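Below: one structure, written as structure tokens.
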Amino acid sequence: FDATIPGGRLGFVLPVANLSSLLLVTATLSLLSLKPPRDALVPMLVLQTVFVAAVPLIDTILPAHIAAVAIVMSVCACAATSAISQTIVYALAGALGTTSHGWAYPAAVELGKGIAGFAIVFVRI
């Protein structure tokens, strides 16, 4: 990647591509009031897995200049499926409401995101 994206800008390109895709898909879903069907959650998670698993394969098979573009596209596609998955999860949590113990499912989703964020930071250390 250093030859394709010189100057150590890879740390800038991938996060910008990721967040731009997330923003675009989320804004589109919100502004157009689109509601992905609930049964689309599993296919979205499968697609995310495929896009993430494709990165090492792309890196080993394709030439560097093509691989860099393909990996950025894979990051964008993974971000788009992630945005759709998050929309479905929050819709499901909102539809479920609260449990008999008083737990709100949306709060549980937020707690899960917080734990996942902590785990990612911990793994990077």
Side-chain angles (χ1 to χ4, degrees):
F1 286 116
D2 288 335
T4 307
I5 304 174
R9 290 182 291 191
L10 184 64
F12 173 77
V13 171
L14 291 179
V16 167
N18 182 39
L19 291 176
S20 298
S21 298
L22 278 172
L23 179 63
L24 180 66
V25 172
T26 303
T28 302
L29 289 172
S30 297
L31 292 174
L32 298 178
S33 297
L34 298 175
K35 297 174 185 149
R38 293 179 184 166
D39 56 349
L41 182 60
V42 172
M44 288 298 116
L45 296 176
V46 168
L47 283 173
Q48 281 179 292
T49 304
V50 167
F51 292 133
V52 169
V55 170
L57 187 64
I58 289 169
D59 192 36
T60 57
I61 293 176
L62 297 175
H65 64 284
I66 297 172
V69 173
I71 288 173
V72 170
M73 290 172 56
S74 180
V75 166
C76 291
C78 190
T81 56
S82 174
I84 295 169
S85 297
Q86 287 179 22
T87 301
I88 295 169
V89 166
Y90 278 103
L92 284 171
L96 292 173
T98 59
T99 66
S100 60
H101 302 294
W103 278 88
Y105 286 102
V109 171
E110 285 296 320
L111 178 63
K113 282 176 46 180
I115 291 170
F118 177 76
I120 288 170
V121 170
F122 183 74
V123 167
R124 286 186 178 180
I125 293 175

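Please read these numbers as outputs of a predicted model, since none were measured by experiment.
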Legend entry - Atom of A93, atom of P106 and distance for their closest heavy-atom approach: O-CD, 3.5 Å
Inset, instruction - Hey, could you give me each pair passing salt bridge (Lys or Arg N to Asp or Glu O under 4.0 Å) that has a residue in residues 113-125? Not counting sequence neighbours. - result: E110-K113
Inset, instruction - Would you mind listing the cluster partners of L23? Hydrophobic ones only (ILVMFWY), side-chain contacts under 4.5 Å, chaining allowed. - result: none
Legend entry - Qualifying residues under side chain to side chain donor-acceptor pair (under 3.5 Å), relative to S82, sequence neighbours excluded: Q86
Legend entry - Partner set under side chain to side chain contact (heavy atoms under 4.5 Å, CB included) for P43, not counting sequence neighbours: none
Legend entry - Under 4.5 Å side-chain linkage, directly or through intermediates, the cluster mates of L19: L22
Legend entry - Remaining members of hydrophobic cluster (4.5 Å side-chain criterion), L96: Y105
Inset, instruction - Check whether V75 and V52 end up in the same hydrophobic cluster, where Ile, Leu, Val, Met, Phe, Trp and Tyr are linked by side-chain heavy atoms less than 4.5 Å apart. - result: no
Inset, instruction - Starting at OG1 of T81, measure out to CG of L45 and round the result to the nearest 0.5 Å. - result: 8.0 Å
Inset, instruction - State, to 0.1 Å, how close A53 and P56 come at their nearest heavy-atom pair, and which atoms those are. - result: O-CD, 3.2 Å
Legend entry - Residues that V16 engages under side chain to side chain contact (heavy atoms under 4.5 Å, CB included), provided they are two or more places apart: F12, S20
Inset, instruction - Report the hydrophobic cluster partners of F118, with the cluster defined as I, L, V, M, F, W, Y residues connected by side-chain heavy atoms closer than 4.5 angstrom, directly or transitively. - result: none
Inset, instruction - Quick one: which residue pairs count as a side chain to side chain donor-acceptor pair (under 3.5 Å) with a foot in residues 22-31, not counting sequence neighbours? - result: none
Legend entry - Same apolar cluster: L92 and Y90, side chain cutoff 4.5 Å: yes
Legend entry - Sequence-distant partners of P37, side chain to side chain contact (heavy atoms under 4.5 Å, CB included), two or more places apart: D39, A40
Inset, instruction - Check side chain to side chain contact (heavy atoms under 4.5 Å, CB included) between V25 and all other residues, then give those that pass, not counting sequence neighbours. - result: L29, A80, A83, I84
Legend entry - Path from M44 to L32 over hydrophobic side-chain contacts below 4.5 Å: yes
Legend entry - Spacing of I71 atom CD1 and C78 atom SG [to the nearest 0.5 Å]: 12.5 Å
Legend entry - Flag, side chain of S74 to backbone of F51, donor-acceptor distance under 3.5 Å: yes
Legend entry - Atom pair CD1 (I120) and CD1 (I115), whose distance is rounded to the nearest 0.5 Å: 12.5 Å
